[in-house]
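Since this is a predicted model, take the numbers as computed values, not measurements.
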Amino acid sequence: WVFLPKSKPIPLSEGVTAKKPSLREMTKGYVRVMKVWPFVVYTIIGCMAYGGLMVYVSNAPFLIMEKGGMSGDTFAIIFAVNSLGLMFGTYIINFFLKYMTLKKLVRYTLVFQLLIGVLLVVTSLVSTSVVPLLVLVFLHLIPIGLLLPATTSLGLAYFKEDSGAASALMGFLQLLFTGILSAVVSFLQNDSVVPMMCGLFVCGLTSFVLLFVDTRRRLAVIKVRS
């Protein structure tokens with residue numbers, strides 16, 4: 001606002017200037033986007049992945065320093081290592097795409113994430129040390145790093161004209177789900193790591209069930225058409 005000059009309107013074909021969209025037109029765009037079922041599926045899966053990430057971020061100091069009794073320096077190191085796990089999940093996408101489609105990769109990733117989620121809950125109930133939990137949290141962050149870009153790519157692949165509306169709606173829903181999930185986990189906090197681990201498990205379970213239902217739905221449609 002202070003340093004950059006005002007952008008000029010982008011001219012369309014035959015010198016026509018793009019009009020500023022009205023609230024009504026924007027609303028229609030969002031409605032059209034929400035009618036595309038695969039977009040809804042991958043958006044919710046992305047929301048759960050982003051929500052799980054924020055549950056970890058907001059509860060990491062409690063897990064590592066308060067429950068684990070570790071120093072601030074150790075917390076910084078562990079947080080950095082877990083960030084590498086998140087980056088690693090994004091990095092390995094291209095490797096797996098040599099052997100399978102992105103949709104199949106998302107399915108396998110959700111199965112792996114669900115198994116880690118179960119182990120997180122069980123370990124939080126029986127273990128007196130946070131070390132096993134930290135290892136499992138690291139493993140849980142790898143699929144999150146994979147799911148965030150993968151679901152965004154799959155969800156937006158169904159749009160051309162409404163790609164901007166789809167991207168904006170996806171980002172809004174991710175923040176909305178994250179806020180709700182973080183509030184619920186905070187409300188259930190009982191000086192234990194169990195609510196945090198349950199939150200991570202619920203994120204993985206929700207995504208897995210949704211994709212399972214979507215797969216059954218598509219198979220039923222194919223069967224009817226055949």
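In this structure, NE2 on His140 lies 10.5 Å from CG on Leu119, to the nearest 0.5 angstrom. Here the CE atom belonging to Met170 is positioned 12.5 Å from the CG atom belonging to Leu175, to the nearest 0.5 angstrom. To the nearest 0.5 Å, the span separating CG on Leu105 from CZ on Phe96 amounts to 7.0 Å. We find the CG-CG distance between Leu141 and Asn82 to be 5.5 Å, quoted to the nearest 0.5 Å. Taking NZ of Lys28 as the start and CZ of Arg24 as the end, the distance is 4.0 Å to the nearest 0.5 Å. Rounded to the nearest 0.5 Å, atoms CG (Leu173) and OG1 (Thr178) are 10.5 Å apart.
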If you apply the rule side-chain contact (heavy atoms from CB on, under 4.5 Å), what do you find for Thr90 with Leu148, and how did you get there? CA-CA 8 Å; Thr90 303; Leu148 286 175; over 6 Å; no
Could you go through the side-chain contact (heavy atoms from CB on, under 4.5 Å) check for Phe201 and Leu114 one step at a time? CA-CA 7 Å; Phe201 168 72; Leu114 182 61; 3.8 Å; yes
Can you check side-chain contact (heavy atoms from CB on, under 4.5 Å) on Arg107 and Phe212, steps first, answer last? CA-CA 9 Å; Arg107 288 201 296 268; Phe212 177 79; over 6 Å; no
What's the verdict on side-chain contact (heavy atoms from CB on, under 4.5 Å) for Leu134 and Ile64, showing C-alpha distance, side-chain angles and the deciding distance? CA-CA 8 Å; Leu134 292 176; Ile64 298 171; 3.8 Å; yes
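Proximity of Tyr42 to Val36: side-chain heavy atoms (C-beta onward) are nowhere separated by under 4.5 Å. Phe208 places none of its side-chain heavy atoms less than 4.5 Å from the side chain of Met48. Gln113 has its side chain within reach of Leu147: a pair of non-hydrogen atoms, C-beta onward, lies under 4.5 Å apart. Under the 4.5 Å side-chain criterion, counting only non-hydrogen atoms from C-beta, Leu86 is not in contact with Ile142. Between Met54 and Leu181 the shortest side-chain heavy-atom distance does not fall below 4.5 Å. Looking at heavy atoms from C-beta onward, Asn190 lies in side-chain contact with Pro195 at the 4.5 angstrom threshold.
With Ser207 as reference, Ile45 is the one residue of Ile45, Thr109, Thr151 to meet the side chain to side chain contact (heavy atoms under 4.5 Å, CB included) rule.
Leu84 and Ile144 are not part of a single hydrophobic cluster, where members link through side-chain heavy atoms under 4.5 Å apart. A single hydrophobic cluster is not seen to contain both Met34 and Val31; linkage of ILVMFWY side chains at heavy-atom distances under 4.5 Å, directly or through other members, places them apart. Placement of Leu102 and Ile92 within a single hydrophobic cluster is found when ILVMFWY residues are connected by side-chain heavy-atom separations under 4.5 Å, directly or transitively. There is no path of hydrophobic side-chain contacts, each under 4.5 Å, that joins Val131 to Val81. Phe88 and Tyr99 fall within a single hydrophobic cluster, where Ile, Leu, Val, Met, Phe, Trp and Tyr are joined by side-chain heavy atoms under 4.5 Å apart, directly or via other members.
Closest heavy-atom contact between Phe138 and Gly85: CE1-CA, 3.5 Å. Val130 approaches Leu63 most closely through the heavy-atom pair CG1-O, 3.8 Å. Annotation for Gly52 and Cys203: closest pair N-SG, 3.7 Å, computed over non-hydrogen atoms.
Between Phe95 and Tyr91, the gap from one ring centroid to the other reaches at least 6.0 Å. Ring centroid separation for the pair Phe177 and Tyr50 does not come in under the 6.0 Å cut-off.
Looking only at distances, no side-chain donor or acceptor of Ser163 sits under 3.5 Å from a matching main-chain atom of Phe159. Side chain of Lys35 to backbone of Tyr30: no donor-acceptor contact under 3.5 angstrom is found. Although no hydrogens or angles enter the test, the distance criterion places a donor-acceptor pair under 3.5 Å between the side chain of Ser124 and the main chain of Val121. Using a distance-only test at 3.5 Å, with no hydrogens or angles considered, a donor-acceptor pair links the side chain of Asn59 to the main chain of Val55.
The aromatic rings of Phe79 and Phe75 are tilted relative to each other, their planes meeting at an angle between 30° and 60°.
The number of heavy atoms from other shown groups lying within 6.0 Å of CE (Met87) does not exceed 12.
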